[in-house]
Amino acid sequence: MKRLLVGAAALAIALAGCSSAEPEPTPTPEPTTEAPTPTPTPTPTPEPTPEATACAPFTGLAADDGDPKPLVAVKIENSRPARPQTGLDGADVVFVEMVEGGTTRFNALYNSEFPETVGNIRSLRTTDANILGQWSGEVTLFYSGGMPVQEADVRNAGVTLRVHGTHAGFWRSNTRVAPHNLYLSLEEQAATLEAPEECLEGLFEYLPDGDAATDGATGDAATDGATGDAASNAADGASSSGEPASTIRANYPRVVSGWDWNADTELWERSDDGAPNVNSPTGDPITAVNVVVLHVTARDTGLKDSSGAPVPETILDGEGDLDYFVNGVHTTGTWSKEGLNEPFVFTDADGDPLLLTPGNTWVELLPNTGSLNYQ
């Protein structure tokens, strides 16, 4: 019995030893949830801000956009039945040229903007080659017709021709009688023209945009509201020989181009033969920031129109005197042009480049058979 108890005790001890030798199970750790690393959102490349560039070489003003635009010329009638004309207020530069009978016709240049409609459209003259030749290959002329020899002269000057009856965009109004009722959808047609790669060379030089020529003063007088360099630049816009002027009368053999200074609007207002010339259909006066009168020679071409009247041509190869009127000030100078396809050169009385106030300009090609009065 004693042996049995001893054996049982030994067995118990052995079992206990085996039990204590087994390793405790390692608990499975709870998974740790970590916040995912966010994927960075790419920052979009900002669109470049376009710089304010000016491409309005025929006004000297900052353009709405900097893209070059085509140069368009339009022949516009100026007889009594043609008035009031449409779209002249949108032209950058308008040339007043003498035609047969000592009357006048307009060659209007559009580049910074293109009105929806312009008119009344009439025929070209050889003078248009002399005006437009300096932009050879870069200007398109819209017109109603012309003698074949005159069309050849203008075409040979490098002007692209678009004529009524052959090209689109022309239409007649039923509110006037022919031939005074021909109009052009200019905005539509300008969109069909190829724009130049770079800004074209303009006609004049201008004071910095925002400056103006002297306000009724001369010489060293500064522009109202201008200070420092701006005042100096503005004063340079009028020669020391400048003098106040408020009325201009360019007397052609049969008609009178008139301009009157409006001090409130700081614009010249146009009249023809003493009657205000207004825009149709608004009735607003036709105005100009600058008026330039070139004293020129006209010659008989030997051609005759349908009525038998001699057809003149304005000679713009050479040099001559000029008068210019800016901001109520009259100043003298000279113009020169070395050839059909050469640019005009304008200088003031001191021989320096003529500087105009930014804005539209009317150029009166006054023949030596006419006269100029101002006061």
Side-chain angles (χ1 to χ4, degrees), residues 54-63 68-69 71-73 88-97 106-113 128 130-136 138-139 196 198-214 223 233-239 241-242 245 248 250 257 259 266-268 270 287-296 314 316-338 341-366:
C55 194
F58 295 88
T59 65
L61 295 168
K69 297 177 182 178
L71 175 60
V72 175
L88 281 172
D89 55 332
D92 293 347
V93 178
V94 179
F95 283 87
V96 183
E97 59 184 86
F106 302 145
N107 188 327
L109 306 187
Y110 298 85
N111 176 255
S112 61
E113 63 176 287
D128 299 312
N130 301 330
I131 293 172
L132 302 175
Q134 70 182 88
W135 299 288
S136 177
E138 299 175 320
V139 59
E198 299 179 352
C199 290
L200 298 176
E201 289 293 328
L203 184 65
F204 296 102
E205 295 186 39
Y206 299 89
L207 293 162
D209 191 1
D211 292 344
T214 54
T223 304
N233 290 336
D236 288 341
S239 165
S241 62
I248 309 167
S257 288
W259 295 95
E266 297 186 340
L267 295 171
W268 295 98
R270 181 176 175 82
T287 61
V289 174
N290 310 291
V291 177
V292 180
V293 181
L294 304 188
H295 298 275
V296 298
T314 298
L316 296 177
D317 183 357
E319 61 182 22
D321 296 329
L322 65 80
D323 294 81
Y324 64 106
F325 301 83
V326 180
N327 206 39
V329 176
H330 162 248
T331 313
T332 60
T334 60
W335 66 270
S336 64
K337 197 171 189 290
E338 294 185 355
N341 297 121
E342 297 301 317
F344 280 97
V345 176
F346 302 103
T347 57
D348 63 20
D350 298 323
D352 297 320
L354 185 153
L355 300 178
L356 299 182
T357 297
N360 72 320
T361 301
W362 280 62
V363 181
E364 303 273 354
L365 299 177
L366 186 63

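These numbers come from the heavy atoms of this one structure, side chains and all, not from hydrogens, waters or symmetry mates.
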Minimal heavy-atom distance between P358 and P208, with the atoms involved, is CG-O, 4.1 Å
Less than 4.5 Å apart, side chain to side chain, heavy atoms only: is that true for N130 and D317? no
Considering all heavy atoms, the nearest F106-V94 contact: CB-CG1, 3.9 Å
Just how far is it from atom CG of D128 to atom CD of E97, taken to the nearest 0.5 Å? 4.5 Å
Any chance CD of E342 has more than 12 other-residue heavy atoms, nucleotides or ligands included, within less than 6.0 Å? yes
To the nearest 0.5 Å, atom OG1 of T361 lies from atom CZ of F58 at 11.5 Å
Is there a side-chain contact (heavy atoms from CB on, under 4.5 Å) between D92 and N360? Walk through the geometry before answering. CA-CA 5 Å; D92 293 347; N360 72 320; 5.7 Å; no
Are V293 and W259 side-chain neighbours, meaning at least one heavy-atom pair lies under 4.5 Å? no
S257 and E364: side-chain donor and acceptor closer than 3.5 Å? yes
Distance (rounded to the nearest 0.5 Å) between H295 NE2 and T334 OG1: 11.5 Å
With a 4.5 Å limit on heavy-atom distance, are the side chains of L203 and Q134 in contact? yes
Distance from E201 atom CD to L71 atom CG, nearest 0.5 Å? 12.0 Å
Do Y206 and L61 have side chains that approach each other closer than 4.5 Å (heavy atoms only, starting at C-beta)? no
Quick one, V363 and V93 - any side-chain contact, counting heavy atoms below 4.5 Å? yes
Quick check: W362 with W268 (ring centres under 6.0 Å apart)? no
Looking at every non-hydrogen atom in both residues, tell me the closest pair between V289 and G359 and how far apart they are. CG2-CA, 3.9 Å
Looking at V326, is its backbone amide N or carbonyl O close enough to the side chain of N290 to form a donor-acceptor pair, meaning the two atoms are under 3.5 Å apart? no
Atom of D348, atom of P353 and distance for their closest heavy-atom approach: OD2-O, 4.2 Å
Which atom names give the shortest non-hydrogen contact between P68 and C199, and what distance separates them? CG-N, 3.8 Å
Could you pull out the closest heavy-atom pair between K69 and N111, with the gap in Å? O-ND2, 2.9 Å
Within the structure provided, determine whether L316 and L365 are in side-chain contact (heavy-atom separation under 4.5 Å). yes
Is any side-chain heavy atom of F344 closer than 4.5 Å to one of L294? yes
side-chain contact (heavy atoms from CB on, under 4.5 Å) for D323 and T332? Distances and angles first, verdict last. CA-CA 4 Å; D323 294 81; T332 60; 3.6 Å; yes
Could you grab the distance from atom CG of L356 to atom OG1 of T59, nearest 0.5 Å is fine? 11.0 Å
Rounded to the nearest 0.5 Å, what's the gap from OH on Y324 to CZ on F204? Could you check? 11.0 Å
